[in-house]
Amino acid sequence: MHTADVAIIGGGIVGSSIAYHLVAAGCNNVVVIERETAQGKGSTGKSMGGVRAQFSTPVNIQMSLYSIPFYATFEERLGYPCDYRPQGYLFCATSDAHMAYLRTNYEKQVALGLKNVRLLKGGEITDMFPQLRSDDIVGGSFCSTDGFVDPYSAMIGYMSWASDHGATLWKNATVTGISRVASTFELATTRDTVSARRVVNCAGAWSAGVAKMVGIDLPVEPLRRMLVPTEPFDQFPHSAPMIVDMSNGFHFRPEGRGFLLAWNDPEETPGYKTDFESSFIEKILTRAADRVPVFENLAVNPKRAWAGLYEMTPDHHPILGESPDAPGFFLANGFSGHGVMHSPATGKILSDLILTGKTDLIDASLLNFARFAEGRMIHETAVL
Ligand SMILES: Cc1cc2nc3c(=O)[nH]c(=O)nc-3n(C[C@H](O)[C@H](O)[C@H](O)COP(=O)(O)OP(=O)(O)OC[C@H]3O[C@@H](n4cnc5c(N)ncnc54)[C@H](O)[C@@H]3O)c2cc1C
């Protein structure tokens with residue numbers, strides 16, 4: 001039997017960040033239990049690595065206001081690179097309704113303290129990127145401190161720091177059952193039993209199954225997302241931000257010597273599907289060439305494209321904090337496509353809640369599990 005102060009189920013970027021923040025706060029008897037033989041095989045290793053503060057809800061903006069400066073200083077803090085590239089996110093509005101939406105979000109972002117966001121006129125976007133088809137672009141919004149990180153590197157950075165300072169990582173160990181013995185949880189795993197008074201569910205797209213082990217019905221569903229990297233391409237600048245076409249949700253960013261293309265197919269249905277469907281290539285290339293005519297010349301190798309899972313909640317916000325029905329069992333789930341960018345804030349919030357029962361970073365009650373039963377959902381509409 002292994003004993004820990006805190007047992008974390010899942011060694012993706014969220015579990016690793018929580019381990020880091022707990023150890024940094026002085027709680028170093030932490031064990032992270034990961035079922036795969038290597039970290040990053042869940043959603044973290046499949047992510048596009050986008051980080052942004054351009055959200056529509058105050059709580060998401062606040063989480064980014066902690067997370068992005070954290071990523072900017074990651075290497076100084078952890079001695080490990082996360083490859084933060086502040087190339088920005090550019091939202092291109094193609095209707096007055098989009099522009100009104102961006103303006104409302106902009107006002108909230110500025111009011112909360114975001115400094116580098118600005119609204120753009122259509123002509124300014126054309127000046128920045130003449131390669132974009134701009135006949136229908138009425139304006140947009142750009143934030144220069146948004147950008148990208150390397151999710152795998154950040155995850156390894158968090159976990160290496162935590163391990164160097166006392167945390168334990170078990171790989172190739174699956175949690176198969178959880179039982180309660182007085183005020184302690186006993187976790188049955190394929191390696192050994194773990195006894196801990198506090199347990200954190202960080203099982204990503206698989207978190208509903210883990211929550212079931214303590215009798216909780218967690219509203220987190222897996223939803224496939226596919227990404228298509230292109231072959232080297234030099235007819236669009238590699239200093240470009242993440243560019244989002246609001247007419248259909250197509251977005252892309254530079255990656256290596258080519259670009260990484262993304263589009264949320266509205267026909268996708270929930271389920272554990274991680275195969276890449278080759279018919280997606282034509283769908284996405286059509287949208288790519290429609291917005292960026294020179295993308296007609298893009299070459300892609302379908303074998304390099306991949307699929308992974310978003311962990312969706314009904315209101316597209318994560319579920320954070322202690323479960324009301326299982327005291328000592330904490331949730332850090334349902335990031336709905338934002339788990340990489342919000343992993344710094346999540347680590348801090350969970351560490352605060354586990355160690356002190358409160359946090360100053362956000363109003364934690366907004367994201368607690370009880371919001372569903374109490375009809376307090378807060379909808380994020382800026383989901384890509
Ligand atoms: C295609 C794609 C693009 C994305 N783009 C972005 C983006 O641009 N920006 C962004 O912020 N987010 C993005 N995301 C979302 C982001 O990747 C996730 O929100 C984030 O990785 C979630 O991290 P996690 O640690 O919770 O989950 P995961 O990385 O999935 O880790 C969960 C871990 O739990 C382990 N596990 C599960 N069950 C058990 C068990 N019973 N016992 C032990 N271990 C278990 C799994 O093996 C896994 O390693 C994207 C996701 C995808 C798929």
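Numbering of ligands and ligand atoms starts at 1, following listing order.
- Atom 20 (C) of ligand 1 has as its closest protein heavy atom Gly339 CA, 3.9 Å.
- Salt-bridge check for Arg85 with Asp150: failed, with every basic side-chain N at 4.0 Å or more from each acidic carboxylate O.
- Proximity of Glu311 to ligand 1, defined as any heavy-atom pair under 4.0 Å, is confined to the side chain (atoms from C-beta onward).
- Counting the atoms of ligand 1 from 1 in the order shown, those under 4.0 Å from a heavy atom of Gly308 are 53 (C).
- The protein atom (non-hydrogen) at minimum distance from atom 6 (C) of ligand 1 is Ser47 OG, 3.1 Å.
- At a 4.0 Å heavy-atom cut-off, ligand 1 touches Ile33 through the backbone alone.
- At a heavy-atom distance under 4.0 Å, only backbone atoms of Ala173 (N, CA, C or O) approach ligand 1.
- In terms of protein heavy-atom proximity, atom 38 (N) of ligand 1 is nearest to Arg35 NH1, 3.5 Å.
- Taking every non-hydrogen atom of Met341 and a distance limit under 4.0 Å, the qualifying atoms of ligand 1 come out as 9 (N), 10 (C), 11 (O).
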If you look only at distance, which donor and acceptor atoms sit under 3.5 Å apart when one is on a side chain in residues 11-33 and the other is two or more places apart or in another chain?
| from | atom 1 | to | atom 2 | distance (Å) |
| --- | --- | --- | --- | --- |
| Ser16 | OG | Gly12 | O | 2.7 |
| Ser16 | OG | Gln39 | NE2 | 3.1 |
| Ser17 | OG | His21 | ND1 | 3.3 |
| Ser17 | OG | Ser343 | O | 2.7 |
| His21 | ND1 | Ser17 | O | 3.0 |
| His21 | NE2 | Tyr66 | OH | 3.2 |

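- Nearest non-hydrogen protein atom to atom 26 (O) of ligand 1 is Val14 CG2, 3.4 Å.
- For atom 33 (C) of ligand 1, the nearest protein heavy atom (residue, atom name, distance) is Glu34 OE1, 3.5 Å.
- Using a cutoff of 4.0 Å between basic side-chain nitrogens and carboxylate oxygens, Asp217 and Lys212 are scored as salt-bridged.
- Put simply, the side chain of Asp352 never gets that close to the backbone of Leu355: no donor and acceptor are under 3.5 Å apart.
- The distance from ligand 1 to the heavy atoms of Gly50 drops below 4.0 Å at these ligand atoms: 7 (C), 8 (O), 9 (N), 10 (C), 11 (O).
- Short contacts between ligand 1 and Gly49, defined as distances under 4.0 Å to a heavy atom of the residue, involve ligand atoms 7 (C), 8 (O).
- Here's the thing with Met48: one of its N/O atoms is less than 3.5 angstrom from an N/O atom of ligand 1.
- Atom CZ of Arg77 sits in a crowded spot, with more than 12 heavy atoms from other residues, nucleotides or ligands closer than 6.0 Å.
- For the pair Thr190 (side chain) and Thr174 (backbone), a donor-acceptor distance under 3.5 Å is present.
- Under a 4.0 Å N-O distance rule, the pair Arg198/Glu322 does not qualify as a salt bridge.
- Closest to atom 40 (C) of ligand 1, if we only count protein heavy atoms, is Val175 N, 3.8 Å.
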Step by step, would you call Tyr158 with Phe74 a ring pair (Phe, Tyr, Trp, His ring centres under 6.0 Å)?
CA-CA 9 Å; Tyr158 285 130; Phe74 196 91; 5.2 Å; yes

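- Counting non-hydrogen atoms of neighbouring residues, nucleotides and ligands closer than 6.0 angstrom, the CG atom of Asp360 reaches no more than 12 such neighbours.
- Between Arg253 and Glu255 there is a salt bridge, since at least one side-chain N of the basic residue sits less than 4.0 Å from a carboxylate O of the acidic one.
- Using a 4.0 Å cut-off between charged nitrogen and carboxylate oxygen, Glu277 and Arg224 count as a salt-bridge pair.
- Summary of contacts: the protein heavy atom closest to atom 23 (O) of ligand 1 is Thr44 OG1, 3.5 Å.
- With Ser16, Ser343, Gly45, Gly337 as candidates, the residue nearest to atom 15 (C) of ligand 1 on a non-hydrogen basis is Gly337.
- Listed by number with element, the atoms of ligand 1 under 4.0 angstrom from any heavy atom of Arg225 are 1 (C).
- Below 3.5 Å of separation, one finds no N or O of Val210 facing any N or O of ligand 1.
- Of all the atoms in ligand 1, the ones that sit under 4.0 Å from a non-hydrogen atom of Glu36 are 47 (O).
- When heavy-atom distances to ligand 1 are checked against a 4.0 Å cut-off, Leu227 comes that close only through its side chain, counted from C-beta outward.
- Close contacts between ligand 1 and Lys46 involve ligand atoms 1 (C), 2 (C), 3 (C) [criterion: under 4.0 Å to a heavy atom].
- Listed by number with element, the atoms of ligand 1 under 4.0 Å from a non-hydrogen atom of Gly10 are 33 (C), 34 (O), 35 (C).
- Side chain of Asn201 to main chain of Ala203: a donor-acceptor pair is present (N/O by atom type, distance under 3.5 Å, no hydrogens or angles).
- Residue-to-ligand polar distances place Val340 within reach of ligand 1: an N/O pair is separated by less than 3.5 Å.
- By the criterion of a heavy-atom distance under 4.0 Å, neither the backbone nor the side chain of Thr176 is placed next to ligand 1.
- Looking only at distances, a side-chain donor or acceptor of Ser207 sits under 3.5 Å from a matching main-chain atom of Gly204.
- Between Phe55 and His342, the distance separating the two ring centers is shorter than 6.0 angstrom.
- At the top of the distance list for atom 30 (O) of ligand 1, counting protein heavy atoms only, stands Ser43 N, 2.8 Å.
- Within the 4.0 Å heavy-atom criterion, the part of Cys202 lying near ligand 1 is the backbone and not the side chain.
- Comment: Glu268 engages Lys273 in a salt bridge, judged by a side-chain N to carboxylate O separation of less than 4.0 angstrom.
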